[in-house]
Undergrad: 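I am attaching a structure below and will ask some questions about it afterwards.
So you know, we letter chains A, B, ... as the sequences are listed, proteins then strands, and number each from 1. Just so we're clear, the structure is a prediction, and the values are computed from it rather than from any experiment.
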Amino acid sequence: MSKSTRWESKDNESKHLPIYQHKTKLVQAVRDNTFLVVTGETGSGKTTQLPQYLYQAGFCKDGKIGITQPRRVAAITVAQRVAQEMQCTLGRDVGYQVRFDDCTSQDTAVKYMTDGCLLREILADPGLSQYSVVILDEVHERSLNTDILLGLLKKIFTNPAKATKGRSFPLKVVVMSATLETDKLSAFLGDCLVFAIPGRTFPVTCTFGSAVGPKDIESTGYVKEVVKMALDVHTSEMAGDILVFLTGQSEIERACDLLYEKAESIDYRYDVQDQTVEGLLILPLYGSMPTDQQRQIFQPPPPKIRKCVVATNIAATSLTINGIKYIIDSGFVKQLNHNSRVGMDILEVVPISKSEAQQRAGRAGRTSAGKCFRIYTKEFWEKSMPEYTVPEIQRTSLTAVILTLKCLGVHDVIRFPYLDCPEERFILEALKQLYQFDAIDRRGRVTRLGELMVEFPLHPGLTRAVLKAASLGCQDLLLPVAAMLSVENILIRPGHPEKQKEADKKHRGLANKSGSMNDFATLLSVFQSCKSSDRPSVWCKENWIHWRALKSAFSVETQLREILLRLQQKRDFPVETFDGNKSELLRRCLCTGYFTNVARRSVGKVFCTMDGHGSMVHIHPSSSLFDQEAELNWVIFHDVLVTSRVYIRTVCPIRYEWVKDLLPKLHEVDVYELSSVAREEVTDEEMIKWENREAAKRQPEVSTEDVTKKLEKRNNEATVSDARARYLQRKQQRQQSKAL
DNA sequence: GAGCACTGC
């Protein structure tokens with residue numbers, strides 16, 4: 001008996017899914033078209049069923065079916081469910097692949113994976129020769145990797161030679177999305193067929209409030225307002241759990257405190273149609289919360305108790321809580337925006353988009369009809385909320401992505417088919433940075449170093465430092481540091497002042513233990529101390545270190561080490577010797593990747609960045625260099641944090657001589673010249689002309705003193721001061737509301 | 001003198 005008939009005969013609930021009646025037509029549509037857009041809201045069954053239909057229809061005869069997801073858990077859980085439905089062992093016919101966890105085999109025909117994994121696969125096999133069907137799921141979420149995949153798949157078919165290279169059967173591409181902007185998707189893919197499948201969710205009625213209007217974008221009054229609304233719902237609505245959307249940990253904790261206070265003072269004994277609600281169970285939920293505490297959220301509440309979860313956006317897509325009937329929407333979210341004018345990422349509280357508001361509301365209609373209470377006015381909805389969230393590709397630093405594209409042979413990264421084009425200056429900034437890191441040459445072609453760099457799942461600067469260390473034979477110094485910098489924050493700083501003091505003291509102890517006033521060295525020391533400890537989790541607890549984060553740093557370090565080993569086994573891996581002072585080795589390696597993040601002491605405690613923006617920055621108080629006056633004139637830093645000031649974090653003192661030869665590179669390239677190079681293959685003659693012109697333009701040697709002075713004159717760009725001003729305003733409001 | 005959401009390789 002063939003496998004497919006075995007599955008066909010299996011009568012289960014999948015036959016009752018909305019997608020089931022469209023099975024034949026859907027399979028035919030995939031057969032007849034190269035591109036197909038499938039839309040359907042949650043509950044349509046498209047993610048679990050379509051791959052099975054295609055399998056049964058024989059699409060796996062020549063190749064695999066690959067389905068991408070933006071999140072790891074989704075890839076894993078969906079694969080588990082499909083394996084169960086197909087009655088096969090997970091990892092055989094049906095499997096999944098995510099970072100650190102490859103559950104596939106030679107036989108795997110239906111493979112769920114994260115979008116990042118497929119992107120990595122394309123790097124090794126640009127024609128995706130192993131696949132007969134590629135399905136991109138959750139495309140409406142517009143994750144960076146999914147957007148890039150979408151462009152790459154479109155591009156494959158604009159070049160028929162590439163599309164058929166290495167394969168004897170056609171590649172089919174299915175793009176799955178919620179019913180948003182489907183016309184745009186179809187148009188992008190050459191007006192391809194759109195197949196709509198009805199969803200299976202329950203209606204959610206939405207009401208607007210009166211608390212937050214268009215003028216209140218800067219207000220923090222919404223914390224109080226959501227609390228009031230939650231209590232209203234609790235005392236006047238039928239049984240069913242509440243989910244409140246706020247923006248961050250501290251707000252959530254404040255809201256929970258207020259809820260406890262107020263809930264005790266009201267009479268919440270209430271009867272509605274025999275369903276008695278006697279109490280309220282208040283649960284915070286945010287990403288950095290310990291995992292076991294997060295698990296509590298999923299427990300059904302005790303009888304006659306109503307659950308009220310106060311969460312960040314983590315509850316919008318990543319975690320699904322059963323039994324939610326009421327949503328309270330603050331209308332705000334914390335969003336990381338890259339600003340190319342100042343070369344900084346700024347985390348800001350902004351109004352959500354209308355589509356995001358609908359997504360939040362939808363969380364109330366998964367098991368029965370629900371209600372969504374928006375605390376903002378209809379006017380706020382109309383005037384302050386954008387239609388759609390700006391896709392990640394338009395608000396993030398593109399350095400790593402552009403390198404990936406270049407390595408895939410996409411020379412013209414400006415005219416690459418983006419569903420939504422990033423601003424040109426974002427692309428130019430990325431090119432400039434890649435040039436500064438020697439990942440591409442002046443003609444925009446990937447260098448040998450760039451080819452090595454693309455293999456690492458790290459920021460290119462950090463990768464460059466790792467590669468430098470590897471060529472000097474001291475990778476053991478850099479690999480742990482790179483791993484520690486690419487996981488969640490390692491040092492825990494609790495909310496209570498007493499515990500804060502204790503944690504700070506421990507952290508200062510760890511910094512001193514590392515022997516040098518250097519935050520990177522502290523990270524290395526923490527990594528090594530914990531690794532050699534008998535009971536690492538206990539050690540972490542004692543030292544206020546985030547054990548979950550450190551564990552993932554261990555995995556990252558192992559992965560980086562494996563990648564490096566693989567690259568070193570190839571023939572021409574660079575080897576260098578170091579004739580300086582051994583104690584400087586770590587810092588010297590860091591300089592090769594962080595010379596774009598150099599700051600020089602200006603006046604007093606103020607430092608000035610040397611990246612061409614000349615931003616005024618302060619050392620963050622969590623740094624071991626905070627308040628260290630002596631001899632500290634030049635530093636490199638890992639990142640920037642804009643709050644009440646512009647702070648640099650994870651800092652390390654350096655000597656000017658170490659970056660002297662690298663710094664001119666920061667001012668060498670005119671991005672607009674680079675843009676013309678980016679657009680087209682340039683002939684040798686043109687290149688020579690261009691280089692001559694550049695050389696003529698290049699100014700005579702300028703001393704760094706002059707550069708600094710010039711830069712200090714310029715204020716930080718408006719966006720940074722705006723962000724600071726908004727931050728200060730919020731802070732002031734918080735203090736006022738506390739005083740009241 | 002400290003106020004950072006979420007996701008991914």
Undergrad: How many whole angstroms separate atom NZ of A/K499 from atom P of B/dA2?
TA: 22 Å

Undergrad: Below the 4.0 Å mark, does B/dG3 have OP1 or OP2 next to a side-chain nitrogen or oxygen of A/Y727?
TA: yes

Undergrad: Using the side-chain heavy atoms of A/R120, tell me which of these nucleotides is nearest: B/dC6, B/dC9, B/dG3.
TA: B/dC9

Undergrad: Please state how far atom CD1 in A/I76 lies from atom P in B/dT7, giving the value in whole angstrom units.
TA: 13 Å

Undergrad: Under 4.0 Å between a side-chain N or O of A/K605 and OP1 or OP2 of B/dG1?
TA: yes

Undergrad: If I compare all heavy atoms of A/A311 with all of A/I252, which pair ends up nearest, and what's the gap?
TA: C-CD1, 3.5 Å

Undergrad: From the list B/dG8, B/dA5, B/dA2, which nucleotide is the closest neighbour of the side chain of A/R72?
TA: B/dG8

Undergrad: What is the distance from CG of A/L336 to P of B/dG8, rounded to the nearest Å?
TA: 16 Å

Undergrad: When the distance from CD1 of A/I648 to P of B/dA2 is rounded to whole Å, what number comes out?
TA: 16 Å

Undergrad: Please compare A/Q249 and A/N145 by the position of their nearest nucleotide in DNA chain B and report the one closer to 5'.
TA: A/Q249

Undergrad: Without decimals, in angstroms, what is the distance between A/Y96 OH and B/dC9 P?
TA: 12 Å

Undergrad: Measure from the side-chain heavy atoms of A/I314 and tell me the nearest of B/dA5, B/dT7, B/dC9.
TA: B/dT7

Undergrad: Nearest to the side chain of A/Y286, heavy atoms from C-beta on, is which of B/dG3, B/dC6, B/dC9?
TA: B/dC6

Undergrad: Minimum heavy-atom separation for A/F332 to A/P351, with atom names?
TA: CD2-N, 3.8 Å

Undergrad: Nearest to the A/S622 side chain among B/dA5, B/dA2, B/dC9, which nucleotide is it?
TA: B/dA2

Undergrad: What's A/D115 touching, base or sugar-phosphate or nothing? Going by heavy atoms closer than 4.0 Å.
TA: nothing

Undergrad: Decide, yes or no, whether a salt bridge links A/E141 with A/R71 under the criterion of side-chain N to carboxylate O below 4.0 Å.
TA: yes

Undergrad: For A/G116 and for A/E251, find the nucleotide of DNA chain B with the closest heavy atom, then tell me which residue's nucleotide is more 5'.
TA: A/E251

Undergrad: Give a yes/no answer on whether the side chain of A/S250 brings an N or O atom under 4.0 Å of OP1 or OP2 in B/dG3.
TA: no

Undergrad: What's the spacing between A/I352 CD1 and A/N313 CG if we round to 0.5 Å?
TA: 7.5 Å

Undergrad: Which nucleotide in the set B/dT7, B/dG3, B/dA2 lies at the smallest distance from any side-chain heavy atom of A/R71?
TA: B/dT7

Undergrad: A/T114 side chain N/O closer than 4.0 Å to the phosphate oxygens (OP1, OP2) of B/dC9?
TA: yes

Undergrad: In whole Å, I'd like the distance from the CG atom of A/L625 to the C1' atom of B/dA2.
TA: 15 Å

Undergrad: Measure across A/H620 and A/S622 and return the closest heavy-atom pair with its distance rounded to 0.1 Å.
TA: ND1-OG, 2.8 Å

Undergrad: Let me know the distance between CD of A/E356 and C1' of B/dC6, rounded to the nearest Å.
TA: 10 Å

Undergrad: Taking atom P of B/dC9 as reference, at what distance in whole Å does atom CD of A/E488 sit?
TA: 14 Å

Undergrad: Can you see if the side chain of A/S318 gets near the phosphate of B/dC6 - specifically, an N or O under 4.0 Å from OP1 or OP2?
TA: no

Undergrad: By nearest atom, which of the nucleotides B/dA2, B/dC6, B/dC9 is closest to the A/P621 side chain?
TA: B/dA2

Undergrad: Has A/R493 got a side-chain N or O lying under 4.0 Å from the OP1 or OP2 atom of B/dG3?
TA: no

Undergrad: Which heavy atom in A/Q294 sits nearest to a heavy atom in A/G287, and how many Å separate them?
TA: NE2-O, 3.1 Å

